[in-house]
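Remarks on the structure that follows.
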Amino acid sequence: MVLGVALGGGGARGLAHVGFLLALKEAGLVPQVVVGTSMGAVVGGLYAAGQDLERLSQVLGALDLRGIFGVPDSYRRALERSIGEALWERWRGPSWQGEPSPRLARMLELLRLFGKGLSIEQLPLRFAAVACDLNSGEEVVITSGPLHLGLAASAALPGVFHPLPWRGRWLIDGGVVNNLPADVALNLGAQVVVAVDVSAPLGDPPRTSVEVILRSYAITSQELTRVKLARAKERLGERLLYVRPQVEGIGVLEFERLFQAKEAGWRAAQQLIPKLVQLLPPGGSPT
């Protein structure tokens with residue numbers, strides 16, 4: 001029985017995937033298929049590359065990630081900043097079609113370092129990162145090429161990172177089209193799929209125009225996730241397991257709450273592992 005995990009997007013909330021995967025490892029459960037969107041792709045890709053997630057979390061916890069990337073403490077403020085950039089672009093043209101911005105360049109370098117310079121084809125596990133084609137709106141499932149490029153494309157959150165050029169396309173965050181890619185794990189051969197949802201609830205009513213934009217994005221993402229999960233459930237039945245770590249209060253860019261998110265992921269896995277073991281062969285190990 002091939003075990004797969006689908007790690008959803010959610011910015012800093014996605015750091016819960018670190019704790020979740022560490023808990024599976026402690027239980028002797030090693031997925032053979034790993035797919036992810038946005039931060040789920042980043043954590044899943046580094047895990048598939050053999051990165052020590054415990055050590056990685058310690059390193060990331062010691063870094064000022066918001067300072068490194070030059071982003072504010074909330075996604076709303078990041079979008080408000082991007083409005084000023086958009087006004088300049090009316091006169092000088094799209095800034096993202098030139099050289100990579102310093103912010104994007106720093107992300108690419110970090111991912112290249114943590115991903116050990118590997119290509120996706122070199123990974124010991126089947127891995128895919130989900131992104132979106134900015135021009136066509138198509139879902140792009142990245143299963144080959146440099147790992148760090150696939151991860152960066154999947155995590156290119158609009159308003160924070162510029163679109164990433166990839167094989168003649170411009171790619172943006174995969175959460176636009178498939179924020180919890182259980183169907184991708186199934187298509188890659190997983191027979192038991194654990195879908196880890198780190199999205200946030202809708203929350204309080206919006207008060208500003210930017211918050212209205214954010215709310216509309218969240219509603220669309222929520223509905224797409226519901227439909228895609230329902231379709232995956234039709235194919236997998238009880239072999240699709242859904243888990244939602246308690247990270248709702250963590251903002252998209254609140255990376256300083258890494259250890260809180262990690263702990264929430266670990267706790268969520270503990271509740272799921274007994275049921276997961278029941279679905280796998282005797283001994284709890286996938287084959």
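A distance of 10.0 Å separates CH2 in W166 from CG in L149, rounded to the nearest 0.5 Å. Separation of atoms CG (L123) and NZ (K116) is listed at 10.0 Å; rounding is to 0.5 Å. Going from atom CG of L157 over to atom NE2 of H162 covers 12.0 Å, rounded to the nearest 0.5 Å. Of the inter-residue distances, the one linking K262 atom NZ with L60 atom CG reads 10.5 Å to the nearest 0.5 angstrom. Here the CD atom belonging to Q260 is positioned 8.5 Å from the CD atom belonging to E254, to the nearest 0.5 angstrom. R244 contributes atom CZ, which lies 4.0 Å from atom OG of S199 (distance to the nearest 0.5 angstrom).
Partners of A156 according to the side chain to side chain contact (heavy atoms under 4.5 Å, CB included) rule, which considers only residues two or more places apart in sequence or in another chain, are F161. Judged as a side chain to side chain donor-acceptor pair (under 3.5 Å), and not counting sequence neighbours, R126 has no contacts. E26 is linked by a salt bridge (Lys or Arg N to Asp or Glu O under 4.0 Å) to nothing, counting only residues two or more places apart in sequence or in another chain. By the salt bridge (Lys or Arg N to Asp or Glu O under 4.0 Å) test, R112 pairs with E109, sequence neighbours left out. By the side chain to side chain contact (heavy atoms under 4.5 Å, CB included) test, S221 is found to be paired with N179, T225, residues two or more places apart in sequence or in another chain being considered. S216 meets the side chain to side chain contact (heavy atoms under 4.5 Å, CB included) test with no other residue; sequence neighbours excluded. Residues that satisfy the side chain to side chain contact (heavy atoms under 4.5 Å, CB included) test with E121, not counting sequence neighbours, are S119, S144. Scored by the side chain to side chain donor-acceptor pair (under 3.5 Å) test, N178 finds E139, D183 as partners (sequence neighbours excluded).
Closest approach of G115 and A49 over heavy atoms only: O-CB, 4.2 Å. The shortest non-hydrogen separation linking Q122 to L118 is OE1-CA, 3.4 Å. Residue L22 comes nearest to E54 through the heavy atom pair CD1-OE1, 3.5 Å, listed as atom of the first residue, atom of the second, then distance. What you find for A264 and V247 is that their closest heavy atoms are CB-CG1, 3.6 Å. Residues S57 and F259 come closest through the heavy atom pair O-CZ, 3.6 Å.
Looking at Q191, its side chain does come within 3.5 Å of a backbone N or O of V2 through a donor-acceptor pair. The closest donor-acceptor contact from the side chain of S154 to the backbone of L151 lies at 3.5 Å or more, if one exists at all.
Considering L279, V30, V194, V33 in turn, V194 is the only one that fulfils the side-chain contact (heavy atoms from CB on, under 4.5 Å) rule with L3. The side-chain contact (heavy atoms from CB on, under 4.5 Å) test with C132 is passed by exactly one of I172, L171, D173, T37: I172.
When the side chains of ILVMFWY residues are joined at heavy-atom separations under 4.5 Å, either directly or via intervening members, L24 and L125 end up in a single hydrophobic cluster. Hydrophobic clustering (side-chain heavy atoms under 4.5 Å, transitive across Ile, Leu, Val, Met, Phe, Trp, Tyr) groups V59 together with L110. Side-chain heavy atoms closer than 4.5 Å link hydrophobic residues (I, L, V, M, F, W, Y) into clusters, and following such links, possibly through other members, connects M1 to L29.
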For a quick test of your reading: what N or O donor-acceptor pairs under 3.5 Å do the side chains of residues 40-47 make, sequence neighbours left out?
none

All N/O donor-acceptor pairs, side-chain side in residues 4-21, below 3.5 Å, sequence neighbours left out:
unit_1	atom_1	unit_2	atom_2	d
R13	NE	V198	O	2.8
R13	NH1	I250	O	2.9
H17	NE2	G8	N	3.4
H17	NE2	G8	O	2.8

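Apart from L186 itself, the hydrophobic cluster it occupies contains L180, V193, L229, L236, L240, Y242, where clustering links Ile, Leu, Val, Met, Phe, Trp and Tyr at side-chain heavy-atom distances under 4.5 Å.
The side-chain heavy atoms of I142 and V140, taken from C-beta on, include a pair separated by under 4.5 Å. Two residues are said to be in side-chain contact when any heavy atoms from C-beta on lie closer than 4.5 Å; Q271 and V243 fail this criterion. Using a 4.5 Å heavy-atom cutoff, the side chains of M39 and F255 are in contact. Here the side chains of V35 and V130 are not in contact, with every heavy-atom distance at 4.5 Å or above. The closest side-chain heavy-atom distance from M107 to L104 is below 4.5 Å. A heavy-atom distance below 4.5 Å is not found between the side chains of F127 and T143.
Applying the 6.0 Å contact sphere to NZ of K275 captures no more than 12 heavy atoms from other residues, nucleotides or ligands.
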* Apply the test side chain to side chain contact (heavy atoms under 4.5 Å, CB included) to residues L188 and V34: give CA-CA distance (whole Å), side-chain angles for both, the deciding distance (0.1 Å), then the verdict. => CA-CA 9 Å; L188 259 62; V34 179; over 6 Å; no

* To do: Kindly indicate, with the supporting measurements, whether the criterion side chain to side chain contact (heavy atoms under 4.5 Å, CB included) is fulfilled by N135 and W170.
  => CA-CA 7 Å; N135 292 321; W170 290 99; 4.0 Å; yes

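Screening residues 229-238 for side-chain hydrogen bond (donor to acceptor under 3.5 Å, both in side chains), with sequence neighbours left out, gives N187-R235.
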